[in-house]
Number of protein chains: 2
Amino acid sequence: MEAIVNRSSSTKDRILGAAEVLFAQRGFEGASLRQLTAAAGVNLAAVNYHFGSKDKLVEQVFRRRLDTLNAQRLAALGNARESGNDRLEDVLDAFIRPALKLSHEDSGSLFMRVLARAFAEHDDSLRQFLSENYGHVMRQFTAEFARLLPHLSKEELYWRIDLVTGALTHAMSGFGMIQRKQDVSEGVHLEQTIQHLIRFAVAGLTHP
Amino acid sequence: MEAIVNRSSSTKDRILGAAEVLFAQRGFEGASLRQLTAAAGVNLAAVNYHFGSKDKLVEQVFRRRLDTLNAQRLAALGNARESGNDRLEDVLDAFIRPALKLSHEDSGSLFMRVLARAFAEHDDSLRQFLSENYGHVMRQFTAEFARLLPHLSKEELYWRIDLVTGALTHAMSGFGMIQRKQDVSEGVHLEQTIQHLIRFAVAGLTHP
DNA sequence: CGTATGCTCAAACGATCGTTTGAACGCCTG
DNA sequence: CAGGCGTTCAAACGATCGTTTGAGCATACG
């Protein structure tokens, strides 16, 4: 396998980059450390030296992206509340925009695939890791939705959030037929996509 | 590993049943033939004898459920068109009801997890198999949606179908927090869930 | 200069993977 | 009863997995 990452970056970063690509393509079990280290252009033993084990590497792949992603989400939610722009659209924007911006970066879309895989694989230790480290973000947004949709029962609200989450996960990981249009700039396309998802989510959350 | 299936059924059926369970729990690569045959209470070599290979077994696991599921979907769609009940709600009912009925059967919900995994794993041969064998169903429903939502551009329509599909896949595979209520009968719960999903899908597809 | 320290390397470890093999089994048919 | 056939069985195959090892290398510090 050919090296696919920048030779000038550090060994740790090259491993993380190659891991993100291969985990997205072949899954956590499907991507072997031999494929991974070959793609990163490092020695096989480097993963266990720098990360301890393959499982720890998986966690670091998530941490590298999710730490900043969820910090941005909470910051955007805080800004919305402070400035009084805390309609449903604004809360959804705070949730969706950071994720979509990431997925439009160089290899960010691959990470979204990795994240979708983590949903599909009901691996308990991985779910526990995600819940422990980032569960408070989802809880905070859920509380905000409950405040903005007071007429919905708790059960009804969970239903709708669950469906919206599924739609966003599915869309952002690029499963479907949606392709980026050729004749618009990156910034315009990103903004159009965000408005698309927000309008869809609003419709799903607010319908009678 | 303990046997988890009815000892009285045939070897082939016992393998298919155990495969569905283990593929849902551990994924296609994560479930080994040794775990699988042990759970089915059959010899290790039985899989290769009856199915040829592990990949062929995966295909048969899909076939056993999807053949009848998609036949029911097309039949329901045909009935709706004949009887004139072909509003958006009716088309969605034809699509959703057979899947939800399956997911409420004994081990049908496990199959829905398997199906969601197939979405997440971007395995080309598996996607090709599903597209070749069941792509015409999705195409027929898409055409029906296009007829009922003529004001939407093709791009817009695909967007919305994609989001709705993601929501349904996510919900039916039981990823989220949704649990069945204890105090209602099975039939009532099924009907409530169907109406839930249909209303959500209608809102997402028709919003301005 | 001598020697720690951090890192990389080839090689090997035991375990587990999907698959194949050839003998043994149960059962029906002639 | 004899023989063919479909099926099951324990055992082994080579390949690949994650991980460990110990030597070798470079750089920094006394």
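In what follows, chains are A, B, ... by sequence order, proteins preceding strands, each numbered from 1. Keep in mind that what you see is a predicted model, and the values were worked out from it rather than measured.
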Need two values: the first and the last nucleotide of DNA chain C, 5' to 3', having an atom under 4.0 Å from any heavy-atom of chain B. C:dC17 to C:dT21
Under the side-chain hydrogen bond (donor to acceptor under 3.5 Å, both in side chains) rule, what do A:E132 and A:Q128 come out as? Steps first, then yes or no, please. CA-CA 6 Å; A:E132 280 178 4; A:Q128 185 180 345; 2.9 Å; yes
So CZ of A:F23 and CG of A:L16: to nearest 0.5 Å the spacing works out to 9.5 Å
Using the salt bridge (charged side-chain N to carboxylate O under 4.0 Å, His left out) rule, pick out the option among A:R113, A:R14, A:R65 that qualifies with A:E20. A:R65
Below 4.0 Å: OP1/OP2 of D:dT7 and any side-chain N or O of B:N43: no
Counting C-beta onward and ignoring hydrogens, is there a side-chain heavy-atom pair between B:L92 and B:F141 closer than 4.5 Å? no
Can you check the B:L44 CG to D:dT8 C1' distance for me, whole Å? 12 Å
Salt-bridge criterion met for B:D90 and B:R81 (N-O under 4.0 Å): no
Phosphate oxygens OP1/OP2 of D:dG6: is one of them under 4.0 Å from a side-chain N or O of B:H50? no
Which residue lies more 5' along DNA chain C, comparing A:R34 with B:N48 via nearest heavy atoms: A:R34
First of A:A45 and A:G30 reached from the 5' end of DNA chain D, by closest nucleotide: A:G30
Under 4.0 Å between a side-chain nitrogen and a carboxylate oxygen: does that hold for B:R160 and B:E156? yes
